[in-house]
Every structure is written in C-alpha cells, then in structure tokens.
2 protein chains.
Amino acid sequence: MKARRKVYVTGVRPDIRVPFAEVELTGAEPSVRLYDTSGPGSDPAEGLPPLRGPWIAERGDVAPVRGPGTPLAGRDGQRPTQLQYARAGVTTSEMEFVALREGMPVSVVREEIAAGRAVLPVNVNHPESEPMIIGSRFLVKVNANIGTSAVTSSIAEEVEKLTWATRWGADTVMDLSTGKRIHETREAIVRNSAVPIGTVPIYQALEKVDGDPVKLSWEVFRDTVIEQAEQGVDYMTVHAGVRLGYVPLAVNRVTGIVSRGGSIMAAWCLAHHQENFLYTNFAELCDILARYDITFSLGDGLRPGSIADANDEAQFAELRTLGELTSVAWEHGVQVMIEGPGHVPMHKIKENVDLQQELCHQAPFYTLGPLTTDIAPAYDHITSAIGAAMIGMFGTAMLCYVTPKEHLGLPDRDDVKAGVIAYKIAAHAADLAKGHPGAQAWDDALSKARFEFRWEDQFNLSLDPETARAYHDATLPASPAKTAHFCSMCGPKFCSMKITQELKEYAAQGMREKSTEFMESGGKVYLPLA
Amino acid sequence: MKARRKVYVTGVRPDIRVPFAEVELTGAEPSVRLYDTSGPGSDPAEGLPPLRGPWIAERGDVAPVRGPGTPLAGRDGQRPTQLQYARAGVTTSEMEFVALREGMPVSVVREEIAAGRAVLPVNVNHPESEPMIIGSRFLVKVNANIGTSAVTSSIAEEVEKLTWATRWGADTVMDLSTGKRIHETREAIVRNSAVPIGTVPIYQALEKVDGDPVKLSWEVFRDTVIEQAEQGVDYMTVHAGVRLGYVPLAVNRVTGIVSRGGSIMAAWCLAHHQENFLYTNFAELCDILARYDITFSLGDGLRPGSIADANDEAQFAELRTLGELTSVAWEHGVQVMIEGPGHVPMHKIKENVDLQQELCHQAPFYTLGPLTTDIAPAYDHITSAIGAAMIGMFGTAMLCYVTPKEHLGLPDRDDVKAGVIAYKIAAHAADLAKGHPGAQAWDDALSKARFEFRWEDQFNLSLDPETARAYHDATLPASPAKTAHFCSMCGPKFCSMKITQELKEYAAQGMREKSTEFMESGGKVYLPLA
C-alpha cells in the first residue's frame, strides 16, 4: 500500500535539510510533496537534536549569559535577530531553510523580513526548531494553543498534545499553562518542539504573585520574560496596548474584556490608577527580546468576545497603540506580529485586516478565529474556521485555532486535532483564494485521484487519511471497494464520475460516430452490481 | 432546570399556529424565541396531521384527480400556485404563516413571491407541511439530503433521519433515494414531514428503465413526475439546463460532470445525439408542476466538482440556460429556485451569486456548499460551511448541506446531525452579515448569559445544548460548576470574564475613588480555589 513518507530536501549547505511529507501515488502519477510540520520525532525524555545549533554559533553574535553551558544571549549588546540580518542584507541559514520550505526565492524571504511584513520566530535558545515564516506573502500558518490550567492536565499530556498538534499540521504552538509547574511544563515543550513556541509571560508572572494582578510589577514581569527567554520561547504575547484610558471603553460591552492578559492588565491599571507597566517599559522590553531574537506578538487585550462587541472603539483604540509599539520594536530590531480578534461577523472581518495593515505598517496579523457567530458553543472550531478562512484570504498571516471546547473547558487530544484540522482547512482555503503559487496543486492531485477512483491515493492525499479511509470503509469495507468505480453514497448506477469517465472516452473518439456504436453496444454507461 | 419548549403563536386565523422553540432563561432575563423546524412530532405509522388541509380546500381551485380520496391537482387547468396568488395580490394562509414565522410584514412576503425573488414550496398534496419561505430577504435556509442508495439503508432509517435532520434545524429535506422501494420510502417521508420535501425525479425514472440512461424518455420522466406530484413532493430538481451542446465543455475538466442527474442527462444526450428531453419538453413540465404547486429547483448538472473546474464555461453556459428556463416557468405560474455549486475557491464565490442573480432574474439561489478546498475528505462539512456562509452572505437563499461522509459514503445519523449543525452555523453567520432584523438577538442573549456565568442559559441557547453541556461537564462535572464563575479552560484565577465583571462593578462606582478602596480590600479580583 502506498502512503506518505517523510523526505528531506537539502539546501545550499548540507545541514539545511527541509522536511516534506511525500505522498507516493499509484500508476504513473507523480508523487506530491506537502509542507510538513511534524518534526523529526524524539524520545520526550531526550528532546530533539539542535538543528540550528551550528548556524547560531557560526554567526558569533551570542554568548552564554553566565558562562559555559548556560543559555545564550546577544553578545555585548548585539541584537542577533533575523530582522537585523535581513536589514543588513544578510541571508541566514534560517532564511534559506524557509525559502526552500515555502518554494519562494530567498530574496523575497529576506526582503519581507527586512520590511517587517514577515517574521521568522527563532529564539537563539531554541535550536531544535525547524525555521518557518509568518507573513502574508507566504503560506497561511496555524497556531495551536496547549497548556495546563489550574484544574486539569499534566506535563506528559501537554508534550503529547504538542506532538499531536504538529502531526496534524500546527505551524506554531503556544504554551498557555497557568497552573503549577509552569516552568517544567514549558521546558519539556520547548525541548521537544520542532515548531516555534509562543507564550504569554504575564500568566507565569501572575502565578509568582499568588494570582493577584494588583501585586504585579514590571520587575516581576521582566524577570519572567528573561526566564522564558533563556528557555527558548520564540514569541511572546505582550498586552502592552491595554492602556489605562482604554479600560473604560470596554466596561459597557456585552462581554467586557475576554482576553485573560487584557483583563489582568486592566485590573492592574485600575487598581493602581497608573499606565500599563508593559507600555511604560516597552523600550526596555524590546532590548531584552532583541538579545534572544524573540518575536513580539502584540496582544489584543481588548479584542471583542462577542458579535455585539466587534470592531468597537476599545478594540480599535488598542490597535492604534499596537501600531505605535510596532514602530518602537522595529527601532530596536525586534520582529513583531499583531494579534487580532476574536468574535466578528463576516461583514466586519475585512475592516479588521485593512485597519491592522494600515495602523501597524503591514506587520503580520495573527488572529484568533474570528468566530462569526456566538450561538454554537461546542462547534466553535467551525464558527471560527469560517472567519479564519476569510480573514486569511484578506491577508492575515497566521490563524490561532479554536477547538470545539472553546468557552467550555480545556481541550483534550481529540479537540486539539479537531481544531488543527479545521484551521488547516481555513488556511489552505485562504492560500487558494490568495492564489498562492502551488497551493492548488494539492487540490488538483486529490480531485484527479477522486475522479479516477484511485481511492488509496485520495486517502493518502487527504488532510486526515485515517479518517477519510475509515469513513469510506464504514459502508463499503471490502478491499475490492478500494478499486470500485463508485462508493456507497450513490452506488454504482448513479456514480456521476463513473458516467463522465465513460463519456470522456466516448467523446475522445468523436461524438456523432460514437453515438451509433454506443447505442449498438447496449448504451450501458455503468457496470451492473456484481 | 430551565429548558426549551415548543410554543405556538396564533396568526390572523386560529388555525395559523406558528411553532417556535422558546428558551426560558434564569432570573429576570426575558425568554428567547427561536425559529423551529422540528414539526409537531408523530407516530411514523400514522403520519402528521394535515395542517394546511382546510386552507387548500377553501381556495376551491383543486380537485381529486381520479375521484374522492385520490390526490389533488388544479381544477380545470387552474394553477393553484403561491406565485399566482401573490401576483393577484391574494394573501394566502401560507403567506400569513410565513410572515409570522419570519417576523416580516406579510406584504413583503407576498411581494417577494410575486416578483419571483422568493419561493414558498407547498405541494397541494403535502398538507402536513408547515409553510416556510426561501428568498434572500428572509432567513437563510438549510436543506438536508437523505435517502437510500443501492447498497445501504432502509425506509425506517430514512424516516428517522428526516426527524433527526429537522430536529437540528433542517428547513427542507431532499429524498435522494436511488435503490429499491423508492416510492414507499418517499411516501413514508412525505407523510411524516413538516418541512418541504424535494426530490430528483430522474433518479426514480432511471430505476424504471433498469438503470440505463439511454432508455430514458420524456414519457417515463413525465409519469414519474406525476407519480411524485401526487405523493406531495414540494420541489423537484430538474436538469433541463444540461444541453447537448454543453456536454463537450465538461469533458476536459479535472472532474468532468459530478452531478448525478447531470451525468445521466449528458449520457442520454450523447447516446441519442439529441437535445435534452427535459429542455425540449420544459413547457409541458411547467404545466404539470403548476397543477400541484410544485416548485422548480433548476439543477446545475454541470456544476464544478473540484476547485480546478470552478466558474468555467460549462458551468456558466448552463446557468444562462437556467435563466431562460426561469422565465418560461414564471410564464406558467410556477415557482423557481436555481441550484448552484459545488466546489469554488473563496475568491470566486461572489461571482457565482452575482451572475446567478443577473442571469436568473433574481430567482432564489440554492447552493451545495460550496466546498472551498478539495483536500479534506471526511471534513467537507467544514470545507463547505466556509463557502456556504460566504455565499449566504452574498445573497444565496438556501444552503444544501454537505456531511462529513461527502465523497466517501452514505451519511448516517451522526453525519446528518454534523452536516445540519455546520450549515445552521453558516446560515446564521450569513443572517448576521446581511443584517437580518433580529438575527443578532440570539447571539447577544447567549453572550450575555456567558458573561454572567449563567451556564444553563448558555447551554439552552446553544445550537446543540446537549453537546455544549457534555463538553463542559467533561472537565468540571460537578453541579456547582454550573454556577461557577469560571470553567476548566482557564481556571478561576485567569477567567477574564470574571475579572471584567469585577472591573465593571468597580468602574460603576468611579474609578479613582474606588482604586484606594480596592487596594485596601487586598485588591483581589478573583476568588481563590475552594
């Protein structure tokens, strides 16, 4: 039986080995190569090999922070960021890797990063990651959130969710752990992750002050960021745009503030009646992130949490501030993406992208959904896949998944898969709509296999081969059905594809002449049931 | 425990009783009324009561075709169609029912029907149906396909699928049975259906000629239509637009002809080298449909079956013909809707609606999906819910569902539910995007319940209360959790909604003054874990 296998394509140097999932097809059909996020695989206790180790070391701009064996950071105030290299016209091995992975010229990769229109999130302390790029010129990416909460889950479960999420196609993973053992959970996740890891440092900072937002301070937050930076977190959500003056704008909403980080910072601002310390210390924060090449994911703490609150004053006031902060980060050589909503009805989606692109100087947009209606808890992977596909088409670079458990509970393994698959669909639909070069080849290969009744090829080309095969077999389990020119949906007499194939052969020989012959042959265009 | 219950609102006469699902909420919240398709319920052996019997009889324009006790048809060449009544300025009881159901003025209902922009499918032989309307000014509707195939399913199963589909919100049901006992299956379905039933008569006609398309004839088809008309089928798909000259346009497609009816008619046209007999006999067909008030669903036999084939010459050539046929049907007083694709990438969706509205004189559009990518068999309810929501936003009046089994096998009960739910989401998202009056009230009620931690209200307002409740309980099963001000997703410390609620109370009392008090009270904005 033909199937998928992992192949590596070697780049300009032998240690640039870009993974693809190669689907071998039957007959003379050329095999199809698909983007692959599943990583090299590992024993969780050992972690992944440090693929990027030599590349980071060769550049000579980082050094261990506390002597041999300790984490790396920019040497002598240097900013070892992909943004700085791109601006200087230097093509890094990470950029070469990404160009090969995306099938795009490396010059485009470098230029998009230099202009801030794309980010390549790679902490110097996460050498295990396989470089990937987030920007509207490239394939639309998908993020999966995992992480423990105070009431459920364990470290082993979270590492398994990571592996599971990337197996189904997650391009990045955010560790949103909020319970006990946040540090250990994150360590296990980063060491086993071939995709960039994002976090929201304020969650851990809050745990350090016993869960009391009022006790938070810049110092606690800064130390938490450095702790996570040294572990290798590739991008961090920072809610620096929740300014004191914007909080009252959210108070009369139907659902107030629904971002956890946003509500924490709002609570702090009001309690102290002071400006958000993330905003007032933003330049210093940039200096820290620059030393590790951590990418900002500027959080939308005031995103709408319901259809009623979409595109309101609170949301767009914060977005303007995120635009200002983008410029500050860029001045410090730090890569930036901007987080977006949330809950937005379809007719208000485009405005979100247009405004974000304008106010944030074309920095990549990274949105949560958006959900296009509030009425379907337990199906918010679908309500939001609709919005995600559309916002992707309009230019959003990465889509943060929503699972069926959204609003109801912590996602388990099945929910993670359901969320990732729904979002891979949204992302690929957006790639097609944007006319991304090569995106349609996948659809065409699968449709051709379908039309030619190459069932195994159709399954193997599917986003989820196992489930496609299982659904087929549920009604026609016999192995011969895999070559049958029909399925149980219509049965043999009504299979339009089968009839068309016969028409096609028929038409190829000239229609009028063939008509007689066809009639004489009994005019059968189907095979009777055996 | 509060829950949903069925209520009836009485109209201008006591036998106009419009069903709604009323959701009672806790506390002082007003209850919410939702559109309800589930019907009055029945013993399948007895069938439903003939709600519309008196209305049909009173109009005096129909008579039994073969004496007392036989099916009804227009008396003496009369055309008892809602279109004819609407044109004559007559408001039927069906229109009154629909106006109350949609919350729209009855004058709008009548005018939209008169102009052909909406259809109200009600065969005079299906008095059991609760009237509903399909048109872009009204709520977007969802159709569910059921039916036996040659290799699987039974009559009892199909009646159960009907009940199940309408329980979850299907507005119409198509019986696409193709195996043995087509007549009996349909009889059981029509007698138990409170929603309009659609069919594709060519399927049964084909069974009558032993499955050989070449043996089909106008006479066999006509007799089949009359047989189904007398049973009470409310709308019929007719592939009269698959003209001989268009068939070659489809031959070099990636997936040829994927409509079953389309491929059957194409086979007939080519074998005989004659024009489609549905096209050449269309006027006579109109006369038949007019006598029963059956609505045309002009089939898109050349719809694209893959992304590669979307919006091509074959598809749009047929659409032009459907526009011509619409005018002919209207001349005969017959209601018409137009079927549409299929598989269409997002950026090509709008063109489908715009062209259909232009070429078909604003007749209601009724589309299958469309699927926005071909790569996800087993998830085509999602690939197509994306397209369905968008095409609904652009003006499509009814969305034909796609189940997870599409392309793989015949849907079972779970697939039917998954398909209906995905499409109710798409339809409601479209209603919101179109600004349909009242649509957002449902979202707002649910979001308010969510924000106020009224868990039971949130569940009861959900599209699928059972699943929402089950997902919540999977991680926090204890009954107290139903009043808990958090869920397992974030736990108590990180519940942004909880924090915001406290901020709201706080802000209400003046921010600066309150700041001191808040700090003095220990500045807690969460409840510690019990």
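Below, read A as the first sequence line, B as the second, and so on, with proteins coming before strands; counting in each chain starts at 1.
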| message | Report which part of B:A470 has an atom under 4.5 Å of a heavy atom belonging to chain A: side chain, backbone, both, or neither. | response | neither
| At a heavy-atom separation under 4.5 Å, does B:P404 approach chain A through its side chain, its backbone, both, or neither? | both
| A:K434 versus B:M346: any side-chain heavy-atom pair under 4.5 Å? | no
| said: Could you tell me if the side chain of B:I425 sits less than 4.5 Å from the side chain of A:Y379, heavy atoms only? | reply: yes
| said: Using a 3.5 Å distance criterion without hydrogens, assess whether the side chain of B:D374 forms a donor-acceptor pair with backbone atoms of A:S447. | reply: no
| note | So CG of A:L371 and CG of B:D443: to nearest 0.5 Å the spacing works out to 10.0 Å
| note | Under 4.5 Å to a heavy atom of chain A? For B:S259 that would be backbone
| field | A:I307 and B:L432, any side-chain heavy atoms less than 4.5 Å apart | value | yes
| Flag side-chain contact, heavy atom, 4.5 Å: A:Q458 against B:L408 | yes
| said: I'd like to check B:S306 versus A:R450 (side-chain heavy atoms, cut-off strictly below 4.5 Å). Are they in contact? | reply: no
| message | With a 4.5 angstrom heavy-atom cut-off, is it the side chain or the backbone of B:L463 that approaches chain A, or both, or neither? | response | both
| field | Atom of B:A389, atom of A:I386 and distance for their closest heavy-atom approach | value | CB-CG2, 3.6 Å
| note | So CD1 of B:I375 and CD of A:Q440: to nearest 0.5 Å the spacing works out to 12.0 Å
| task | Among B:T255, B:T372, B:D415, single out the residue with the greatest number of heavy-atom pairs under 4.5 Å to chain A. | result | B:T255
| Which of A:T373, A:D444, A:D309, A:L461 touches chain B most, by non-hydrogen pairs under 4.5 Å | A:T373
| Who among B:M393, B:K348, B:H343, B:R253 has the most heavy-atom pairs with chain A under 4.5 Å? | B:M393
| task | Could you check if a side-chain atom of B:V254 sits within less than 4.5 angstrom of a side-chain atom of A:F451, using non-hydrogen atoms only? | result | no
| A:D412 side chain reached by B:Y471 side chain, heavy atoms, under 4.5 Å | no
| query | Side-chain contact, heavy-atom cut-off 4.5 Å: A:I382 with B:H381? | reply | yes
| request: Go through the atoms of A:A430 and report whether side chain, backbone, both or neither lie under 4.5 Å from a heavy atom of chain B. | output: both
| task | Identify the two heavy atoms, one from A:P377 and one from B:A468, that lie closest to each other, and give their separation to 0.1 Å. | result | O-CB, 3.9 Å
